[in-house]
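Heads up: the structure comes next, in structure tokens.
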There are 2 protein chains.
Amino acid sequence: MAAAAPPPAPTPAPEPATSLPETTPLFTRIRLATPSDVPHIHKLIHQMAVFERLTHLFSATESSLSSTLFTSPPFQSFTVLLLEASPTPFLNSTLNPNPFYKPITKLLNLSNPINDPESDTFKTLDGVTVVGFVLFFPNYSTFLGKPGFYVEDLFVRECYRRKGFGRMLLSAVAKQAVKMEYGRVEWVVLDWNVNAIRFYQEMGAEVLNEWRVCRLTGEALQAYGGSRQGKVRVGDGFDFFHPQKRWDKIRFEYKIDGFKI
Amino acid sequence: MAAAAPPPAPTPAPEPATSLPETTPLFTRIRLATPSDVPHIHKLIHQMAVFERLTHLFSATESSLSSTLFTSPPFQSFTVLLLEASPTPFLNSTLNPNPFYKPITKLLNLSNPINDPESDTFKTLDGVTVVGFVLFFPNYSTFLGKPGFYVEDLFVRECYRRKGFGRMLLSAVAKQAVKMEYGRVEWVVLDWNVNAIRFYQEMGAEVLNEWRVCRLTGEALQAYGGSRQGKVRVGDGFDFFHPQKRWDKIRFEYKIDGFKI
């Protein structure tokens with residue numbers, strides 16, 4: 001799940017100057033991830049788990065990611081966009097000629113160069129550096145009768161934060177949603193992260209304060225979804241009737257489990 | 001989004017009786033929906049909007065549902081399971097021989113027959129009655145490195161409520177998740193629906209109280225994802241650099257939009 005801290009208060013735009021201040025250029029690119037990016041994606045997810053202090057919940061491996069991502073065309077299922085950075089322009093030859101997605105590129109002029117202690121770890125075959133990622137997939141609104149996108153994860157490495165990169169990644173998803181005529185982009189935020197919530201609201205997002213996420217996982221999921229298959233027991237609203245048995249041979253007290261949906 | 005009211009307090013099991021009380025049998029079946037079910041699905045979604053007092057948000061049409069559902073194999077994307085009921089056993093010939101899903105059947109013995117004022121409206125070609133539906137689709141956990149299911153809607157028509165049908169539908173999704181070795185089943189619930197929350201918790205589900213759903217939709221989505229494509233403006237962290245332009249020809253003040261993800 002994505003957690004975001006806020007941008008600082010906006011500062012007034014500087015007065016036009018006759019000579020521009022010295023800046024450091026940083027070329028950035030958002031492109032579709034491919035299976036060869038899995039080692040970097042795995043490291044990014046682990047860093048996110050560390051940031052959220054949830055490493056005890058982290059069990060993904062490169063193998064599990066490889067076998068579950070990239071199983072369908074982009075945007076039809078789980079999709080990863082990677083954000084890369086380079087001190088020099090991206091060469092045309094390195095632009096991923098993916099027919100599904102034209103990379104988004106942008107030049108930043110930073111007031112200070114970024115010191116990236118992990119630049120070697122996150123170097124790609126193109127010689128550029130992986131900065132962050134967004135993982136999203138289609139969801140569906142029955143009221144609209146059309147799909148949207150759900151953003152599961154949005155992560156930017158620490159030394160690249162507070163430069164608008166998270167916003168760039170989220171914007172790339174919104175742009176793709178508009179392009180595909182999808183109805184919504186949704187994600188979750190921690191309720192105590194008031195600055196992030198304010199930021200999202202200023203962006204025009206609605207925060208649905210009344211809804212709570214419910215999750216069935218681990219042993220509870222196994223118990224609920226797996227352990228009772230095909231059994232018929234008295235007094236249980238969950239058992240399955242075998243159609244090959246004549247119904248009038250099975251009489252059992254049925255506990256009326258009220259469940260109003 | 002699914003809203004659920006709670007089951008009543010459990011009553012003690014009756015003492016074994018030598019003669020069983022008179023009951024009314026009701027045969028039920030959960031099966032994969034098909035495109036021919038869209039008119040019934042559309043009516044069910046509208047009833048849900050009425051129940052949630054959200055008809056002002058309802059804009060789905062049979063056409064929009066037909067063009068966006070059933071676009072991929074079941075369980076790979078948006079999937080609808082229908083719950084049907086019949087006073088007589090389902091004939092084998094009417095069982096949907098869908099290779100993706102074996103219908104789940106169950107016999108209920110009700111203490112009172114159900115008076116369904118809309119039985120004609122919800123009659124299928126098989127002569128049985130549509131009772132409710134669940135719409136779900138794969139989601140993804142990066143921490144687990146595997147998919148799960150997200151339940152977008154779960155709805156049972158009014159006269160069939162409080163008989164365990166909602167639970168049957170949710171259980172069918174959980175069963176499918178276990179079968180596919182998925183990691184989670186998730187959904188949302190309204191925070192004031194304390195009885196539903198208790199019911200989910202008793203089922204073993206975790207309620208993630210700290211997370212809030214954020215939604216970008218309508219004009220805000222259009223503005224955020226569509227209106228600025230390809231423009232380069234001064235002092236804006238969202239514009240896209242055109243790679244064909246030489247970077248050193250474009251110098252602009254870059255407002256550092258802090259965004260820590």
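Below, chain A is the first sequence line, B the second, and so on; all start at residue 1.
Taking chain A as the reference chain and counting heavy-atom pairs below 4.5 Å, the highest number among B/S63, B/S59, B/G132 is found for B/S59. Interface summary for chain A: among B/N139, B/V207, B/T55, the most heavy-atom pairs under 4.5 angstrom belong to B/N139. Among A/A177, A/P138, A/G148, the residue making the largest number of heavy-atom pairs under 4.5 Å with chain B is A/P138. Contact tally against chain A (heavy-atom pairs below 4.5 Å) for B/P147, B/G218, B/A220: the top residue is B/P147. In terms of heavy-atom pairs under 4.5 Å with chain A, the best-connected choice from B/S77, B/A60, B/G204 is B/A60. Heavy-atom pairs under 4.5 Å with chain B were tallied for A/T71, A/L69, A/T61; the largest tally goes to A/L69. Of the listed residues (B/I30, B/L221, B/L54, B/L65), the one with the most heavy-atom contacts under 4.5 Å to chain A is B/L221.
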message = Pair A/W187, B/L216 - check side-chain contact (heavy atoms from CB on, under 4.5 Å), show working.
response = CA-CA 9 Å; A/W187 63 94; B/L216 190 62; 4.0 Å; yes
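When heavy atoms are compared at a cutoff of 4.5 Å, A/Y182 approaches chain B solely by way of its backbone atoms N, CA, C and O. Using a 4.5 Å cut-off between heavy atoms, B/L135 contacts chain A through its side chain alone, with no backbone atom that close. At a 4.5 Å heavy-atom cutoff, the contact between B/F78 and chain A is made by side-chain atoms alone. Of the two parts of B/I41, neither the backbone nor the side chain holds a non-hydrogen atom closer than 4.5 Å to a non-hydrogen atom of chain A. Neither the backbone nor the side chain of B/F136 comes within contact range of chain A; no heavy atoms are under 4.5 Å apart. Heavy-atom distances place the side chain of B/F137, and not its backbone, under 4.5 Å from chain A.
The neighbour count for B/E158 CD, taken as heavy atoms of other residues, nucleotides or ligands under 6.0 Å away, does not exceed 12.
In terms of heavy atoms, A/Y224 sits closest to B/S171 at CE2-CA, 3.7 Å. When every heavy atom of A/F143 is checked against every heavy atom of B/L57, the shortest pair comes out as CB-O, 3.5 Å.
Contact of the A/L190 side chain with the B/W211 side chain is registered, since non-hydrogen atoms from C-beta on lie closer than 4.5 Å. Annotation: side chain of A/N209 is in contact with side chain of B/R212 (closest heavy-atom distance under 4.5 Å).
Interatomic distance, A/Q201 CD to B/C214 SG, rounded to the nearest 0.5 Å: 8.0 Å.
Of the residues A/T68, A/T79, A/D153, the one that meets the side-chain hydrogen bond (donor to acceptor under 3.5 Å, both in side chains) test with B/Y140 is A/T68.
Between the side chain of B/T217 and the main chain of A/G183, a donor-acceptor pair closer than 3.5 Å is present.
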